[in-house]
Amino acid sequence: MKKRLAILIGVLLLCIACTSNDNDTADRAEKEWTKFIQKHLIGEWKPESIEVKPLLGSVVLDKKYTSLQPTGTQDILVLNQDYTGQFKTFLSQGQLKTIDFKWYHKLEELGVILEDKREFKSILLHKSSNELQVSIPLSIVVDELKVYIPEVEELEARAGELLFVHFNFVK
């Protein structure tokens with residue numbers, strides 16, 4: 001009886017040790033996956049240009065971002081490791097405005113959830129250590145963009161054409 005009890009206790013201890021090790025392995029794997037996913041996304045990004053184009057076809061509107069800003073200012077998009085971020089932008093009067101958000105990354109999707117619960121899902125076209133390009137349908141951001149680029153309102157009205165806005169960032 002004592003041998004059976006000893007064997008049972010030994011098996012239980014082995015099972016507990018294996019379960020603990022599996023949890024550690026799963027935690028390490030999740031941390032490594034998160035690190036891999038976030039690779040090249042974490043940091044401060046400066047908007048460089050905005051392009052509007054159909055899914056297939058050439059660019060119909062190309063604006064350098066510096067032409068949209070008050071002189072001597074630089075907007076910055078910040079993506080933090082804890083999946084929070086800020087967009088620091090200058091209003092036309094030169095006043096700094098910070099927009100806080102949470103972000104996520106799934107396969108080729110980069111999403112942003114603003115404090116007012118609005119969510120913007122963009123297609124991650126390109127990411128590297130110093131370049132980031134995302135695309136979002138014009139219809140989703142037209143109201144925000146027409147303040148800076150009035151021409152986008154006319155582009156939205158183009159019959160039967162689905163247009164996308166490509167935002168290009170650099171570090």
Is there a side-chain contact between [X] and [Y] in this structure, where contact means two heavy atoms from C-beta onward sitting under 4.5 Å apart?
| X | Y | result |
| --- | --- | --- |
| Glu44 | Lys171 | no |
| Tyr65 | Asp75 | yes |
| Phe120 | Glu144 | yes |
| Val152 | Leu61 | yes |
| Val134 | Val165 | no |
| Lys146 | Asp143 | yes |
| Ile136 | Phe167 | yes |
| Lys127 | Leu124 | yes |

Would one find more than 12 heavy atoms of other residues, nucleotides or ligands at under 6.0 Å from atom NZ of Lys53?
yes
Are [X] and [Y] grouped together when hydrophobic residues (ILVMFWY) are joined by side-chain heavy atoms under 4.5 angstrom apart?
| X | Y | result |
| --- | --- | --- |
| Val142 | Ile50 | yes |
| Leu114 | Tyr148 | yes |
| Leu110 | Ile76 | no |
| Val78 | Leu96 | no |

Candidate pair Leu77 and Phe169, rule side-chain contact (heavy atoms from CB on, under 4.5 Å), full reasoning
CA-CA 9 Å; Leu77 173 70; Phe169 297 89; 3.9 Å; yes
If we ignore angles and hydrogens, is there a donor and acceptor under 3.5 Å between the side chains of [X] and [Y]?
| X | Y | result |
| --- | --- | --- |
| Asn168 | Gln133 | yes |
| Ser128 | Asn130 | yes |
| Tyr104 | Glu119 | yes |

Evaluate the criterion side-chain contact (heavy atoms from CB on, under 4.5 Å) for residue pair Asn80 and Ile42; output intermediate values, then yes/no.
CA-CA 6 Å; Asn80 299 314; Ile42 303 302; 5.9 Å; no
Within this structure, what is the [atom1]-[atom2] distance for the pair [X] and [Y], rounded to the nearest 0.5 Å?
| X | Y | atom1 | atom2 | answer |
| --- | --- | --- | --- | --- |
| Ser139 | Leu162 | OG | CG | 6.5 Å |
| Leu163 | Ser135 | CG | OG | 10.5 Å |
| His166 | Leu125 | NE2 | CG | 5.5 Å |
| Leu132 | Leu79 | CG | CG | 7.0 Å |
| Phe164 | Glu51 | CZ | CD | 14.0 Å |
| His126 | His40 | NE2 | NE2 | 9.0 Å |

Check the pair Phe87, Thr98 against side-chain contact (heavy atoms from CB on, under 4.5 Å), reporting the backbone distance first and the verdict last.
CA-CA 6 Å; Phe87 185 63; Thr98 301; over 6 Å; no
Any Lys/Arg nitrogen of Lys63 or Glu151 sitting under 4.0 Å from an Asp/Glu carboxylate oxygen of the other?
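Here Lys63 pairs with Glu151 in a salt bridge, since their nearest N and O are under 4.0 Å apart.
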If we ignore hydrogens and angles and just use 3.5 Å, is the side chain of Trp103 paired with the main-chain N or O of Thr84 as donor and acceptor?
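It does hold such a pair.
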Heavy-atom pair of closest approach, residues Trp45 and Gly43
CD1-O, 3.7 Å
Yes or no on side-chain contact (heavy atoms from CB on, under 4.5 Å) for Val52 and Val59, after CA distance, side-chain angles and deciding distance?
CA-CA 6 Å; Val52 179; Val59 174; over 6 Å; no
